[in-house]
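Shown next, in structure tokens, is the structure this report addresses.
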Amino acid sequence: MHWRNYFIPTTKETPKDATAASHILMLRAGLVRQQAAGVYTYLPLGYRALRKVEAIVREEMDRAGAIELHMPALTPWGLWVETGRSQTMGDTLLRIAGPEGDWRSSLVLGPTHEEVITEIARAYLKSYKQLPVNLYQIQHKFRGEARPKSGVLRTREFLMKDAYSFHEDKASLDKEYDNMYAAYCRIFTRCGLPYLAVEAESGAMGGDSSHEFMVLTDAGEDRVAISDKGNYAANLERAAAAPPAPAPDVPLATTKLVHTPNAGRIDEVCPVLGTQPRDMIKTLIFATQPPLAGSTSAAEGGRAMRVVALVRGDHELNEHKLHRAAGVVLELADPATIEEVTGAAVGFAGPQGLIDKVDKLVIDRDVAVMRNAATGANKTDYHVMGVNPGRDFPLSGDKVVVADIRCVTDGDPAPAGDGGRLLLRTAIEIGHVFKLGTKYSSAMEAWYLDAHGKTQPLIMGCYGIGLNRIMAAAVEAHHDDAGIIWPMSIAPFQVLVIALDPRDEQAMRVAGDVHDQLAAAGVEVLLDDRDERAGFKFKDADLIGIPLRVVVGKKSLAAGGVEVSDRRTPEVKQLLSPDAAVQHVTQRVREGEAPAERGGRSSR
RNA sequence: CGGAGUGUAGCUCAGCCUGGCUAGAGCGCUUGGUUCGGGACCAAGAGGUCGCAGGUUCAAAUCCUGUCACUCCGACCA
């Protein structure tokens, strides 16, 4: 490919709206152009890289035995009603606007395809003899993201590989889950990504049944906890620290009421009490959500259930863990409810005596081992010191649960209890494997007949990969001040030949020959034949980040050949004859296409 | 959805507070010339309904109202 005849709109200046490195570089290198918030064109160079990613994903999915199909981006509204996600997904579903009763309003731009695939399974998968089967597609997804951000990292339209497997039992699902997990490791390794598989929140399914694949980068929007021993990784929703040491054997103080006017927040009250956040108990009042419109199970006869959660003053409550411990979906109660429960203004709640006023008391295990703590007095403008679990509020009983309900913090001991410390890092999620179970098959009545002729719901797994995110994550992970440094496997071109001076006939001829020979050898080569000054071309070359570079100019020809260099190590230049350069470069490309195992660390 | 901010040439921005000739700069683009191994220089050009609508005024990029879009922080994220 000759640059002159191609389309690579690079820019020197950084668009003001870009903050993430990948966003800045992808715009500057002419890979993408934003058309609207969270909506991007993939320009030729960017599209080539995206298609490379797609090819790797397709190859490895096929190799893993998954079967490709193609579902529509337009999905029937009725299917979403069947699973209830027409309600629960809310504004994430992008519906086609149309007058009431118009065919348009019966269509949704698919944000994911569980419903559609389950409809297909319901229609065709009737016998255990057809199982297991894993169907996948590479398709555009549409989501009503409230806030697109960071370039192509979070968009309203994106390319996703989504696979769905169907099984007759848990063992078969487990096997396919492991198969997909391994395929994902191969995919991300081939894409040159320094990825990490972390345990993820698995919602209703529980257990060990969900992993997210992450790339650590500041541009990400997820938080993960990693043990510095390298043997544990989980996302923040799920991460657990080692259990606390038993309570210290110290004398129990008597409780003391302290006047703390206008000091309702932990950071305000600590100076007044002369204590530390870690010696305080945070008392949070929750209530069950009002039942969704259309739901038939109006819980508790319409009365909201009230739950008190206790965490240490220096800890953050983890709502996912609280949900699991309490067994119900909860929301922070409104101020009126809090005042009614505690009898005090917001900010002065304490656990003493609350047990009779609420339906459940959930105590973080770190709170259970506190001694002589400080907390709210359930009296406006007052706190209490010398509060002790077990004495001043119960640690056992029908309504009491002691559990891990907090977020881990940086430096917490790792759960293995091996002396490891947890480190908190930001990351981009690039893939997710998930055991769905029978959630969708039951809701949509996708049954099959087992070997005993008995009707059973299909057991499902689902496996997603964000292709655009792989591309952006690769740029995040591999760049320097001058530009992108593509891994060979997903580089838009593998080799860039630069003819330094277009008026130098010999240089042009040699560069053209090198280009033609490489192309003939099956190498993806771009020839910079533009009538530009040398420095200009070098800057563009650094920016677009083609892994290998061959420079042909007067100097190199006078020295007997052409210069070969690697984008990663620009200072190392090798002078070779044109033929030797072609051979050398071809060899390097072949090596680079199949990188040795590296990168991926796993928590399993 | 809450909070903050920004819309002026393809890109980055000045001008707005304190209304006043024909709306500016740099980059990019076109033409001519010089230059030619790390984003050159000179000269001449093309390119803008100042987001949109309404209002105030003799006069609006500038003031007021509304609206749309985009960005950032937060909430949300099968």
Side-chain angles (χ1 to χ4, degrees), chain A residues 9-20 23-24 27-28 30 33-39 75 79-80 83-93 108 110-118 141-151 153-156 158 160 162 164 200-205 210 212 221-222 235 237 319-320 331-332 429 432 434-437 439-440 443 460-464 466 481-483 498-504 507 528 530-543 549 551-559 562-563 565 570-571 573:
Chain A
T10 60
T11 59
K12 193 158 57 177
E13 290 180 271
T14 304
K16 65 169 176 193
D17 290 341
T19 47
H23 190 196
I24 292 170
L27 289 169
R28 286 195 53 213
R33 177 173 176 80
Q34 181 175 336
Q35 305 292 170
V39 179
T75 68
L79 293 181
W80 299 91
T83 59
R85 288 210 288 183
S86 51
Q87 292 271 340
T88 55
M89 291 197 76
D91 292 339
T92 301
L93 285 180
V108 175
T112 174
H113 283 74
E114 279 86 2
E115 278 79 358
V116 178
I117 199 75
T118 305
K141 306 291 188 191
F142 300 85
R143 292 190 188 178
E145 288 288 356
R147 186 146 101 79
K149 60 182 288 196
S150 305
L153 282 181
R154 176 148 146 171
T155 53
R156 291 190 172 136
F158 54 96
M160 183 167 164
D162 48 326
Y164 307 89
E201 189 52 47
S202 47
M205 281 301 290
S210 178
E212 289 170 349
E221 51 186 17
D222 287 295
N235 76 12
E237 292 170 1
E319 293 201 28
H320 295 89
E331 279 183 345
L332 213 48
E429 178 188 349
H432 197 166
F434 199 95
K435 295 181 189 173
L436 290 174
K439 178 174 174 185
Y440 294 94
M460 296 173 59
C462 78
Y463 320 92
D481 291 345
I498 304 179
L500 274 189
D501 187 349
R503 294 159 311 138
D504 180 337
D528 190 349
R530 295 175 299 171
D531 185 10
E532 294 288 353
R533 294 161 62 86
F536 188 91
K537 294 193 194 181
F538 285 134
K539 292 289 187 190
D540 263 355
D542 292 343
L543 180 60
R549 183 184 302 181
V551 176
V552 186
K554 260 198 208 71
K555 266 194 204 169
S556 70
L557 290 172
V562 302
E563 280 167 18
S565 63
E571 65 287 351
K573 295 178 185 132

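Every chain is numbered from 1 and lettered A, B, ... according to where its sequence line falls, protein lines coming before strand lines.
- Here B:G37 presents its C1' atom at 13 Å from CG of A:Asp542, a figure rounded to the nearest Å.
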Anything under 3.5 Å between a protein N or O and an N or O of nucleotides 30-35 of chain B, put it in a table, one pair a line.
unit_1	atom_1	unit_2	atom_2	d
B:U35	O2	A:Arg533	NH1	2.5

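- The aromatic ring of A:Phe536 does not sit over the base of B:G39; the criterion of centres under 5.5 Å apart with planes under 30° is not met.
- Here A:Asp91 lies out of heavy-atom contact (under 4.0 Å) with every strand.
- Annotation: side chain to side chain contact (heavy atoms under 4.5 Å, CB included) contacts of A:Ala146 (sequence neighbours excluded): none.
- Nearest nucleotide to the side chain of A:Ala36, out of B:A78, B:C70, B:G37: B:C70.
- No side-chain donor-acceptor contact under 3.5 Å links A:Lys537 to the backbone of A:Ile498.
- Remark: A:Lys554 pairs with A:Asp501 by the salt bridge (Lys or Arg N to Asp or Glu O under 4.0 Å) rule, at least two apart or across chains.
- Note: CG (A:Leu332) to C1' (B:C76) measures 15 Å, nearest angstrom.
- For a distance-only test at 3.5 Å, the side chain of A:Asp540 qualifies as a donor-acceptor partner of the base of B:G39.
- Side chain of A:Glu145 to backbone of A:Arg147: no donor-acceptor contact under 3.5 angstrom is found.
- The distance from atom CD1 of A:Ile498 to atom P of B:G38 is 12 Å, rounded to the nearest whole Å.
- By the side chain to side chain contact (heavy atoms under 4.5 Å, CB included) test, A:Ala559 pairs with A:Leu575, sequence neighbours left out.
- Among the nucleotides B:G37, B:C77, B:C1, the one closest to any side-chain atom of A:Leu500 is B:G37.
- Atom pair A:Lys149:NZ and B:C70:P shows a separation of 17 Å (rounding to whole Å applied).
- Atom-to-atom, CZ of A:Arg85 to P of B:A78 comes out at 9 Å; the value is rounded to the nearest Å.
- Listed nucleotides B:C72, B:A78, B:U71 differ in distance to A:Arg143; the shortest reach to its side chain belongs to B:A78.
- For A:Met89, the listed nucleotide lying nearest its side chain is B:A78; candidates were B:U71, B:C1, B:A78.
- OP1 or OP2 of B:C73 has at least one side-chain nitrogen or oxygen of A:Arg147 nearer than 4.0 Å.
- What you find for A:Glu115 and A:Trp80 is that their closest heavy atoms are OE1-CZ3, 3.3 Å.
- Judged as a salt bridge (Lys or Arg N to Asp or Glu O under 4.0 Å), and not counting sequence neighbours, A:Lys149 has no contacts.
- Considering only residues two or more places apart in sequence or on other chains, A:Glu221 meets the salt bridge (Lys or Arg N to Asp or Glu O under 4.0 Å) condition with A:Arg154, A:Arg469.
- Distance from the side chain of A:Ala534 is smallest for B:G37 among the nucleotides B:G38, B:C72, B:G37.
- In this structure, A:Arg530 reaches neither bases nor backbone, as no heavy-atom distance under 4.0 Å exists between it and the strands shown.
- Considering only residues two or more places apart in sequence or on other chains, A:Arg28 meets the salt bridge (Lys or Arg N to Asp or Glu O under 4.0 Å) condition with none of them.
- Evaluation of the ring pair (Phe, Tyr, Trp, His ring centres under 6.0 Å) rule for A:His320 yields no partner, not counting sequence neighbours.
- Within the nucleic acid shown, A:Gln35 has no heavy atom closer than 4.0 Å to any nucleic acid atom.
- In this entry the distance linking CG of A:Leu153 with P of B:U71 reads 14 Å, nearest Å.
- The side chain of A:Met160 sits closest to B:A78 out of B:C77, B:A78, B:G38.
- The shortest non-hydrogen separation linking A:Gly38 to A:Pro148 is CA-CB, 3.5 Å.
- Side-chain N/O atoms of A:Arg154 and base N/O atoms of B:C72 include no donor-acceptor pair closer than 3.5 Å.
- Closest to the side chain of A:Ser556, from the set B:A78, B:G37, B:U71, is B:G37.
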Original post:
Could you write nucleotides 9-14 of chain B as a row of B, S and -, 5' to 3', where a protein heavy atom under 4.0 Å of any base atom gives B, of only sugar-phosphate atoms gives S, and otherwise -?
Top reply: --BSS-
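- Here A:Pro148 lies in heavy-atom contact (under 4.0 Å) with sugar-phosphate atoms only.
- Counting any heavy atom pair closer than 4.0 Å across all strands shown, A:Gln34 reaches sugar-phosphate atoms only and no base atom.
- To the nearest angstrom, P of B:C27 lies 8 Å from NZ of A:Lys12.
- In this structure, the CG atom of A:Asp481 is 15 Å from the C1' atom of B:G39, given to the nearest Å.
- Nucleic acid contact class of A:Arg28 (heavy atoms, under 4.0 Å, all strands): base.
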